[in-house]
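Scroll down for the structure; my scribbles are underneath it.
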Amino acid sequence: MATHFPVNVIFLWLAFALSALSICRGAVSDIATQDFFNGILSAATDGCAGKTFYTYTDFINAANSFSSFGTTGTSDDNKREIAAFFANVAHETTNMCYVEEIAKSDYCDSSNTQYPCASGQQYYGRGPLQLTGNANYGAAGTYLGADLLNNPGLVAQDDLTAWKTALWFWNVNSNCHTAITSGQGFGATIQAINGAIECNGGNTDQVNDRISRYTNYCSQFGVDPGSNLSC
């Protein structure tokens, strides 16, 4: 004879199972701790805008909006992905010193009709991965529900938005996430972020700086950096 369980018991069991799954999967904050984050930020020069702009809490809240980030694959995959993300962030912002690009320009692609440049706006690099170009601001804004095409400055004004644009680029607009989780290697993330300028001998010093940061963070996380580090 079949055994019937009360509905409330079934719901409790499901809640427990989901909780156990979450614990087994781990969280980004278990790897990228407050101390790790502060270690990068503390290396930024005193007086940098990023010192008072970038916060650990906003990073974690943004990361929680992208459930596959730092949680896909093995524990080593998770550690490599988070190390890779912060290696590129630290390189792009000089240890989270800069919120905005130094050499500002319009970065307007007038041929883009889906996300046409707004009058009077500039789409230079802003945020942890220096979001650049009207196409990226437009697409990121559409995904995040923010009008970044008409207000690109929001990325340099709201820290949570800034981290979300960086994680959008990493997880949605490029193959950075899958490059690490599929074993392509760190070099593929460089290619995705600034390959046209740095890779294939374009700027070896810049590539080496990214790699140095990545291997350093992997060491801090106790994980081998893997292969295919360069581009």
Side-chain angles (χ1 to χ4, degrees), residues 19 22-73 75-101 125-132 140-141 143-146 148 152-174 176-177 180-181 186 189 193 209-210 212-223 225:
S19 176
S22 176
I23 291 170
C24 290
R25 188 184 70 176
V28 171
S29 59
D30 294 335
I31 301 170
T33 63
Q34 177 85 66
D35 286 344
F36 170 76
F37 186 94
N38 289 347
I40 299 174
L41 195 60
S42 66
T45 305
D46 289 339
C48 288
K51 282 257 190 178
T52 55
F53 180 75
Y54 297 118
T55 70
Y56 180 72
T57 298
D58 282 338
F59 160 68
I60 292 298
N61 286 337
N64 288 338
S65 298
F66 296 85
S67 60
S68 63
F69 174 73
T71 62
T72 303
S75 174
D76 284 353
D77 290 332
N78 300 163
K79 291 175 182 178
R80 290 190 189 104
E81 179 173 16
I82 294 171
F85 176 77
F86 274 103
N88 283 298
V89 166
H91 173 83
E92 292 288 331
T93 62
T94 313
N95 300 313
M96 293 192 278
C97 173
Y98 295 104
V99 178
E100 297 182 315
E101 186 175 359
R126 297 179 178 90
L129 283 182
Q130 295 290 282
L131 188 73
T132 303
Y143 185 89
L144 298 174
L148 300 182
L154 182 63
V155 180
Q157 296 162 2
D158 182 76
D159 184 41
L160 181 59
T161 299
W163 284 111
K164 283 185 176 180
T165 63
L167 287 158
W168 164 82
F169 182 88
W170 186 270
N171 292 280
V172 180
N173 198 51
S174 73
C176 288
H177 167 69
I180 299 298
T181 59
F186 179 69
T189 70
I193 292 171
D209 181 70
R210 293 181 195 266
S212 176
R213 294 175 187 276
Y214 172 63
T215 55
N216 177 23
Y217 299 158
C218 281
S219 178
Q220 291 186 46
F221 295 155
V223 65

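Position 1 is the first residue of the sequence, and the numbers go up from there.
Among residues two or more places apart in sequence or in another chain, the side-chain hydrogen bond (donor to acceptor under 3.5 Å, both in side chains) test is passed with Q157 by none. Annotation: disulfide bond (SG atoms under 2.5 Å apart) contacts of C218 (sequence neighbours excluded): none. The ring-ring contact (aromatic ring centres under 6.0 Å, His included) test applied to Y54 returns W163, not counting sequence neighbours.
When side chains are defined from C-beta on, Y56 does not count as touching L41, because their heavy atoms never get closer than 4.5 Å. A heavy-atom distance below 4.5 Å is found between the side chains of F169 and I193. Within the 4.5 Å cutoff, the side chain of L154 has heavy atoms near those of the L148 side chain. Put simply, the side chain of W168 reaches to within 4.5 Å of the side chain of L131, judged on heavy atoms. The shortest distance between side-chain heavy atoms of E81 and N171 falls below 4.5 Å. F69 is listed as a side-chain neighbour of F85, based on a closest heavy-atom distance under 4.5 Å.
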Carefully, step by step, assess Q34 and N38 under the rule side-chain hydrogen bond (donor to acceptor under 3.5 Å, both in side chains).
CA-CA 6 Å; Q34 177 85 66; N38 289 347; 3.1 Å; yes
Checking side-chain contact (heavy atoms from CB on, under 4.5 Å) for the pair R210/E92: CA distance, chi angles, key distance, verdict?
CA-CA 9 Å; R210 293 181 195 266; E92 292 288 331; 2.6 Å; yes
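Considering CG of N88 and OG1 of T93, their distance stands at 10.5 Å, rounded to 0.5 Å. Interatomic distance, T71 OG1 to F66 CZ, rounded to the nearest 0.5 Å: 12.5 Å. Considering NZ of K51 and OG1 of T45, their distance stands at 7.5 Å, rounded to 0.5 Å. We find the CD1-CZ distance between I180 and R80 to be 8.5 Å, quoted to the nearest 0.5 Å. The distance from atom OG of S174 to atom CG of L129, rounded to the nearest 0.5 Å, is 8.5 Å.
Closest heavy-atom contact between A84 and W170: C-CH2, 3.6 Å. Residues A32 and I82 share a closest heavy-atom pair of CB-CG2, 3.8 Å. Of all non-hydrogen atoms in S65 and K164, the two that sit nearest each other are OG-CE, 3.6 Å. In terms of heavy-atom proximity, P128 sits nearest to A162 at CD-O, 3.3 Å. L160 and D58 get closest at one heavy-atom pair: CD1-O, 3.5 Å. For D77 against T181, the heavy-atom pair with the smallest separation is OD2-O, 4.3 Å.
In this structure, Y214 places its OH atom where more than 12 heavy-atom neighbours from other residues, nucleotides or ligands lie under 6.0 Å away.
For F59 and F86, the ring centers sit closer than 6.0 Å to each other.
Here the side chain of D30 pairs a donor or acceptor atom with the backbone of A27 at under 3.5 angstrom.
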